[in-house]
Amino acid sequence: MAVGVMLLLFTIQLVIGVPVAVAMGLSAIVALLLGNVPIVLLPQMFFVSLDNFSLLAVPLFVLAGELMGIGGITDRIVAFSQALVGHFRGGLAKANIATNTFMSAISGSAIADVTAVGSMMIPAMIRQGYKPEFAVAVTSCAAMLGPIIPPSIMAVVYGSLMGVSIGKLFVAGILPGLLAAASFMVLVHLLADRSGGHPVPRSSWSERGSAFILAAPAIALPIIIVGGIMAGILTPTETGGVAVVYALIVALARNRLSMRAFGNLVVNAAIMTGSTLIVLAGAALFSWVLARAGAPQAVLGGLLAISDNPVIVMLLLLAGLAVIGTFLEPLPTLILISPVLTPLSQAMGYDPLTLGICVLMVLVLGAVSPPVGILAMIAAKIAKVEYTATFRILLPFMGVWLLVTLVTAFVPGLTTYLPSLVMN
């Protein structure tokens, strides 16, 4: 009964617009009271859910991304991407995807990417003749690479929840992320003529060289992060610290950072981290109530009652997550389903890295899926078009992302080869 009341309260609060973290926390508190559970467990659960050294990587990567942004890195990456692919068919759209790929390897956040890249690339694409709706679809869907290509904040949370090596999870996302980026470029090539854009003039090799030199500090950061992890020199949390120091040096070298600006960046990073950890704490309590009531075992039993074929169960899992992700943000959804994933992975024999990347990919799809795709909403606001007008053009990009997710699920080498090179 307590769980039923919790789920009902949670649904009502979502409908009336209560923030997800608050809705989860309040619903779980009511369930605890109805279940005669000592209320002293409440602060203990909040503390335990956040008392994880690995989560220290979250504010570090957020701050590193903020520092790289104030250092003028975004415009340099845009210029380098345009110099590389701008002269091809659908060139500016491909440059958008390339820029998001580079930015994903710096910020680790899809929202940060769509905001930083979209504010520059969407107006540029519209001026170049692209339809605003197409610019929105390209930018918002390319930003989905943020939680997949390292460093990924969602991967940090997933690894800390599931006991999976965060370093290996970082590395496991590289090939699927690059495959998704390449697939988006193929789709853009096919849609370019009907989307209104025209190629920009071809850059000379000297211009490309100059653009590369200017963008080199940004390109070096993901190499430091991934290289440090793969060499076994640094943990993910330590790479976050190294990234902050490196980004700070880059910002200071360009004379773009004052004490006041640095203070503002630290505050912004603290606010973003705080909002993430509040969701984590509320969802952890909610998830604990579900686990205590036996929900994970019930879900696992229901799936196995349908089929014990690992392929069928994987498809059912991804389909269910895609539906849930349409209505809930990726992070709270990830925390909610985490109690189910461990027994499911063990029962079906799934590789934990493959399962983790597939789960992250299908959950982040909800960030562009109607009716509440936050990434597409942000991009539509930048483009000054109605969010509903983008639904049709979003569909082929979503289809490509789902196809890459399925390839990742059933070709495990995409996620296991590079991690196998990581030193233990």
Side-chain angles (χ1 to χ4, degrees), residues 54-55 57-62 64-65 97 99-118 139-162 164 166-181 184 222 225-226 236 239-240 243 272-273 275-277 279-280 283 318 321-322 324-326 328-338 341 353-369 373-376 378-379 397-398 400-402 404-405 408-409 414-415:
S54 297
L55 292 178
V58 174
L60 292 174
F61 284 125
V62 171
I97 295 168
T99 301
N100 268 292
T101 304
F102 284 123
M103 290 299 295
S104 297
I106 294 173
S107 71
S109 167
I111 292 179
D113 290 348
V114 77
T115 303
V117 178
T139 306
S140 58
C141 291
M144 291 193 295
L145 296 168
I148 309 303
I149 295 176
S152 165
I153 293 174
M154 282 186 63
V156 172
V157 175
Y158 182 91
S160 63
L161 288 172
M162 302 296 296
V164 178
I166 297 174
K168 291 190 175 184
L169 199 59
F170 274 7
V171 179
I174 295 175
L175 292 182
L178 294 178
L179 176 62
F184 281 150
I225 292 172
V226 176
T239 59
M272 185 176 295
T273 303
S275 63
T276 300
L277 296 184
V279 172
L280 179 58
L318 296 180
L321 292 180
I324 297 173
T326 301
L328 284 179
E329 296 175 9
L331 185 58
T333 306
L334 176 62
I335 301 166
L336 278 178
I337 65 168
S338 59
L341 294 179
L353 297 177
T354 301
L355 179 64
I357 296 299
C358 289
V359 167
L360 295 183
M361 292 185 73
V362 78
L363 287 182
V364 78
L365 181 65
V368 299
S369 303
I374 183 64
L375 296 180
I378 294 172
F397 288 90
M398 294 168 59
V400 165
W401 187 263
L402 278 175
V404 174
T405 303
T408 302
L414 279 174
T415 53

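The two residues P236 and G167 make their nearest non-hydrogen contact at CG-N, 3.4 Å. Scanning both residues, I106 and P222, for their nearest heavy atoms gives CG1-CD, 4.4 Å. Contact between V368 and M398 at its shortest, heavy atoms only, is CG2-CG, 4.0 Å. Scanning both residues, A105 and I225, for their nearest heavy atoms gives O-CD1, 4.3 Å. Annotation for A181 and I97: closest pair O-CG2, 3.7 Å, computed over non-hydrogen atoms. Smallest separation of non-hydrogen atoms from A409 and L318: CB-CD1, 4.4 Å.
Classified by interplanar angle (parallel below 30°, tilted 30° to 60°, perpendicular above 60°), the ring pair F184/W401 is parallel.
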Could you give me the CA-CA distance, side-chain angles and deciding distance for I166 and Y158, then say whether side-chain contact (heavy atoms from CB on, under 4.5 Å) is met? CA-CA 8 Å; I166 297 174; Y158 182 91; over 6 Å; no

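Here the OG1 atom belonging to T101 is positioned 5.0 Å from the CG atom belonging to L145, to the nearest 0.5 angstrom. The distance from atom CG of L60 to atom OG1 of T273, rounded to the nearest 0.5 Å, is 8.5 Å. Note that CG of L402 is 8.0 Å distant from OG of S369, once rounded to the nearest 0.5 Å. For the atom pair L280 CG and L161 CG, the distance stands at 6.0 Å (nearest 0.5 Å). Here the CG atom belonging to L321 is positioned 10.5 Å from the OG1 atom belonging to T326, to the nearest 0.5 angstrom. Summarising the geometry, atom CG belonging to L375 is positioned 8.5 Å from atom SG belonging to C141; distances are rounded to the nearest 0.5 Å.
Counting only heavy atoms from C-beta outward, the side chains of V62 and S109 never approach each other to under 4.5 Å. Using a 4.5 Å heavy-atom threshold, the side chains of V117 and F102 count as separate.
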Please tabulate, one pair per line, all N/O donor-acceptor pairs under 3.5 Å involving side-chain atoms of residues 356-366, not counting sequence neighbours.
none

Can you give the donor-acceptor pairs under 3.5 Å from side chains of residues 146-153 to other protein atoms, not counting sequence neighbours?
| from | atom 1 | to | atom 2 | distance (Å) |
| --- | --- | --- | --- | --- |
| S152 | OG | P147 | O | 2.6 |
| S152 | OG | M154 | N | 3.4 |
| S152 | OG | A155 | N | 3.0 |

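Judged by distance alone, with hydrogens and angles left aside, the side-chain atoms of T115 form no donor-acceptor pair with the main-chain N or O of A112 at under 3.5 Å.
Every side-chain contact (heavy atoms from CB on, under 4.5 Å) that L179 has, sequence neighbours left out, goes to S183, V404, V407, L414.
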